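The next block holds one structure in the form of structure tokens; read it before the comments.
Every chain is numbered from 1 and lettered A, B, ... according to where its sequence line falls, protein lines coming before strand lines. Predicted, not measured: the structure shown is a model, and the values here were computed from it.
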Protein chains: 2
Amino acid sequence: MVDIKNTKVTIYDVASEADVSLATVSRVLNYPEKVKPATRERVLEAIRKLGYRPNAIARGLASRKSTTVALIVPDVSRASVAEMINGVVDIARKYDYTVILKVTNSEPDVEEDIWQEVFAAQVDGIIYLNDELQEHNIKQIKSSDVPVVLCNVGVDDPTIACVSIDFEKAFYEATQSLINKGLKDILLVSTRSAYYVNSFKERGYINAMKEANLEPNIVRTSGRLVVNYPFFIDYLKNHKPEAALVVRDSIAVSMINAASEVGIKIPDELEIISFQNTKYAKMSRPTLSSIDNPIYDIGAVSMRLLTKLMNNEPIENLNVVLPHNIIWRNSTKN
Amino acid sequence: MVDIKNTKVTIYDVASEADVSLATVSRVLNYPEKVKPATRERVLEAIRKLGYRPNAIARGLASRKSTTVALIVPDVSRASVAEMINGVVDIARKYDYTVILKVTNSEPDVEEDIWQEVFAAQVDGIIYLNDELQEHNIKQIKSSDVPVVLCNVGVDDPTIACVSIDFEKAFYEATQSLINKGLKDILLVSTRSAYYVNSFKERGYINAMKEANLEPNIVRTSGRLVVNYPFFIDYLKNHKPEAALVVRDSIAVSMINAASEVGIKIPDELEIISFQNTKYAKMSRPTLSSIDNPIYDIGAVSMRLLTKLMNNEPIENLNVVLPHNIIWRNSTKN
DNA sequence: GAATAGTGTGAAAAAGTTTTCAATTGTAAA
DNA sequence: TTTACAATTGAAAACTTTTTCACACTATTC
């Protein structure tokens, strides 16, 4: 039976048990083909017998790689972030990387510290998620001497690894689909705070509207329920758009609830298309048509890309764009 | 200016820059009071000048502690898990611990591997979240030679550190509050799969019902929307309970939606109290009365407790029970 | 039978810290 | 002055691996 208890058995113990040098033990662990099968078996047996598990820290020090990646996110409680983390973690496990979780809470000082910490921790790579990306963040990424993959954000720079959908195209298409129904008074509901990705969404919307000779109309509210719900109540009392695109499911649900409160029928009097396709979209009444952002896949692909970068594998294109599609539900007509 | 680039400057470089031995540099980092202020300043200045950051791995090897804790969870995308993680991470940061995230996906083999991995990683402590706790998991916890805090589950064992609310009491009280309104036909909606904590919730409900000489009535469904929604539609066509307690917000939302579909008025014909008080409770229509499980705090307190255990601080009681309360909204009458 | 080319293995160095122990210096009391 | 003791410092060991280098074999070729 293996010794379940985590007693400190080292490579020396294994070596003397198997009557070989510690170098040989190390080799059976790392380059098994380099040691004679008979010896290898003896060592493996000793490892089993003693329940030896190599000390990952000593290993990291000696090999100068930690097989650890840092996952830097603004906040884990957002549904989309959490799902992305699942994707990252699943692939990391597959490739035997340990993941360190760092949460910035969107505070710049904390973020600054975190970058220092992950370097001190000798991580081999970084997965970076930041809704509110700014110029200095880009600089930070570029100056890292360990590979970084930017997640769920597309940047127009071929030297930066990033994976996301094409936000602009997604909103362009969604807007078009409403225009094609003959709707004209189409609103875009965005956020007040400067989410980097929302600017892409806005651009797609504006382009589609302008192409159809329609006047773009953007309102901005908060992501917080306590502020956006009253906002919508007030807004919908005074405005009657035919349709709305909304940058986030949770905000769209507030809008639906407000419309119902004000007596506006959805989808008959107001059609809504939202973005992200979280569980909220299925749980709201009416259910919410939403652009599906494959966030689990984005996490998974980001991590896979990072493994390639860490192993210096050749990569055709650092800017990965994943496909999106719209899930039609009951907040839009047929 | 500090050298932002993460070039490899070691303790030796600092030592020679400040013209002291590396032991002294190490001391100013770890026991600053032990070195003469003048020397300390010189060393600090050298550290600043060179942009030195101690290598966390070497540090871990030499000190035999990693200042790293493992956070083992079944799945991060559940709203309650994600919020708990926020609590853990915030406190971990405060006490300068790095957190390694491990996701079991509720697969026993994966979980087995993960325990081995975290021991190999030399973590100083473990935060463990498991909805489906079983006997062998308890064994695993007890045999760990590194402290473990069990999170969001109460166990009846004074040797195991755990933090949660009193589920049984919470459901007992919630049931009583419905009984006190004169309601008699009170349903408990639980899950089919054997979530360990749900057995406590059921016990609280059953006790309150029996004390009032009412017949307990438990139905079990799935956590998955695609199965529980049709289930409720069917159930509510054939049964008209006066009230229901539901073990999870998302399930309660399904029930509300099904009730509306079937034409049952909430709260007039059916009162619902749910559990967890996630964002769902505020977003559903009608809004959902829910037992508030302070899950962020549970994460935070767990991590704080773990720091005490890791430092061998004396602890009065390993079983921490946090207070809960019911948030009344519109799925119940006044 | 000698030269050649692998294989397989061990000794020792290296990774970058912390920690122990001993040596030195400084300071206050005798 | 000593003496005694605390404060400060440095040398060296320790932590547990990986990796380099050299050596001893074995097998192959001429």
Side-chain angles (χ1 to χ4, degrees), chain A residues 6-44 46-47 50-68 96 98 117 119-124 146, chain B residues 6-44 46-47 50-68 96 98 117 119-124 146:
Chain A
N6 183 25
T7 56
K8 296 288 173 274
V9 17
T10 73
I11 199 168
Y12 286 100
D13 302 319
V14 176
S16 68
E17 174 76 26
D19 202 28
V20 293
S21 76
L22 78 173
T24 299
V25 178
S26 175
R27 268 188 288 260
V28 339
L29 257 19
N30 299 296
Y31 314 95
E33 73 286 357
K34 291 200 174 182
V35 7
K36 191 159 61 166
T39 329
R40 194 194 313 161
E41 259 327 305
R42 222 166 61 243
V43 172
L44 253 17
I47 288 175
L50 301 177
Y52 170 68
R53 278 238 148 197
N55 178 324
I57 292 194
R59 198 171 232 195
L61 182 60
S63 65
R64 281 172 296 300
K65 35 180 102 123
S66 58
T67 55
T68 291
D96 281 325
T98 294
E117 288 162 18
F119 289 142
Q122 314 292 119
V123 298
D124 295 337
V146 94
Chain B
N6 183 25
T7 55
K8 296 287 172 273
V9 15
T10 73
I11 199 169
Y12 287 99
D13 302 319
V14 176
S16 69
E17 174 75 27
D19 202 26
V20 293
S21 76
L22 78 173
T24 300
V25 178
S26 175
R27 270 188 287 261
V28 339
L29 256 20
N30 299 296
Y31 315 95
E33 73 285 357
K34 292 202 174 181
V35 7
K36 190 158 62 165
T39 328
R40 194 194 314 163
E41 260 326 303
R42 222 166 62 243
V43 171
L44 255 16
I47 288 175
L50 300 177
Y52 169 68
R53 277 237 147 200
N55 177 322
I57 292 195
R59 196 172 235 195
L61 183 61
S63 65
R64 281 171 297 298
K65 36 181 98 122
S66 57
T67 55
T68 291
D96 282 323
T98 294
E117 288 162 18
F119 289 142
Q122 313 293 118
V123 298
D124 295 337
V146 94

Query - B:N55 CG - C:dG16 C1' separation (whole Å) - result: 6 Å
Report task. Round to a whole Å and report the spacing from CZ of A:R40 to P of C:dT9. Result -> 10 Å
Requested in this report: Report the C-alpha separation of A:R59 and A:L29 in whole Å, then their side-chain angles, then the decisive distance to 0.1 Å, and conclude whether the side chain to side chain contact (heavy atoms under 4.5 Å, CB included) test is met.
Outcome: CA-CA 11 Å; A:R59 198 171 232 195; A:L29 257 19; 4.0 Å; yes
Requested in this report: Starting at atom CD of A:Q122, determine the distance to atom P of C:dG16, rounded to an integer number of angstrom.
Outcome: 8 Å
**Report entry** Position toward the 5' end of DNA chain C (nearest nucleotide), B:R53 or A:L22
**Finding:** A:L22
Report summary line: Considering only heavy side-chain atoms of B:T39, the closest of D:dG10, C:dT19, D:dT8 is D:dT8
Requested in this report: Tell me, with the steps shown, if B:T24 and B:T39 meet side chain to side chain contact (heavy atoms under 4.5 Å, CB included).
Outcome: CA-CA 9 Å; B:T24 300; B:T39 328; 4.2 Å; yes
Query raised in the report: Is there a donor-acceptor pair under 3.5 Å between the side chain of B:R40 and the backbone N or O of B:V28?
Result: no
Query raised in the report: Could you give the CD1-to-C1' distance, from A:I57 to C:dT18, as a whole number of Å?
Result: 13 Å
Requested in this report: State, to 0.1 Å, how close B:A18 and B:R42 come at their nearest heavy-atom pair, and which atoms those are.
Outcome: O-NE, 3.1 Å
Query raised in the report: OP1 or OP2 of D:dC15 sitting under 4.0 Å from any side-chain N/O of B:R64?
Result: no
Query raised in the report: Within this structure, what is the CD1-to-P distance between B:I11 and D:dA14, rounded to whole angstrom?
Result: 19 Å
Query raised in the report: From D:dA14, D:dT17, C:dG8, pick the nucleotide closest to the side chain of B:A62?
Result: D:dA14
Query raised in the report: Can you find a pair of side-chain heavy atoms, one from B:V25 and one from B:V20, that are under 4.5 Å apart?
Result: yes
Query - Candidates D:dT16, C:dG10, C:dG16 - which lies nearest the side chain of A:V20 - result: C:dG10
Report summary line: Here the distance between atom C1' of C:dT19 and atom CG of B:L29, to the nearest Å, is 14 Å
Report task. Report yes if at least one side-chain N or O of B:R59 is closer than 4.0 Å to OP1 or OP2 of C:dT18; otherwise report no. Result -> yes
**Report entry** Residue met sooner reading DNA chain C from 5', once B:N30 and A:S63 are mapped to nucleotides
**Finding:** A:S63
Query raised in the report: Given that A:K65 and B:R27 both sit by DNA chain D, which one's nearest nucleotide is further toward the 5' end?
Result: B:R27
Query raised in the report: Could you state the NZ-C1' distance from B:K34 to D:dT9, rounded to the nearest angstrom?
Result: 12 Å
Query raised in the report: Does D:dT17 have OP1 or OP2 sitting under 4.0 Å from an N or O in the side chain of A:S26?
Result: no
Query raised in the report: Within the structure, does a side-chain N or O atom of A:Y31 lie under 4.0 Å from either OP1 or OP2 of D:dT19?
Result: yes
Requested in this report: Rounded to the nearest angstrom, tell me the gap between atom CG in A:D124 and atom P in C:dA15.
Outcome: 18 Å
Report summary line: Picking from C:dT18, D:dT17, C:dG16, the nucleotide nearest the side-chain atoms of A:L61 would be C:dG16
Query raised in the report: Nearest of C:dG8, C:dA11, D:dT8 to any side-chain atom of B:K36?
Result: D:dT8
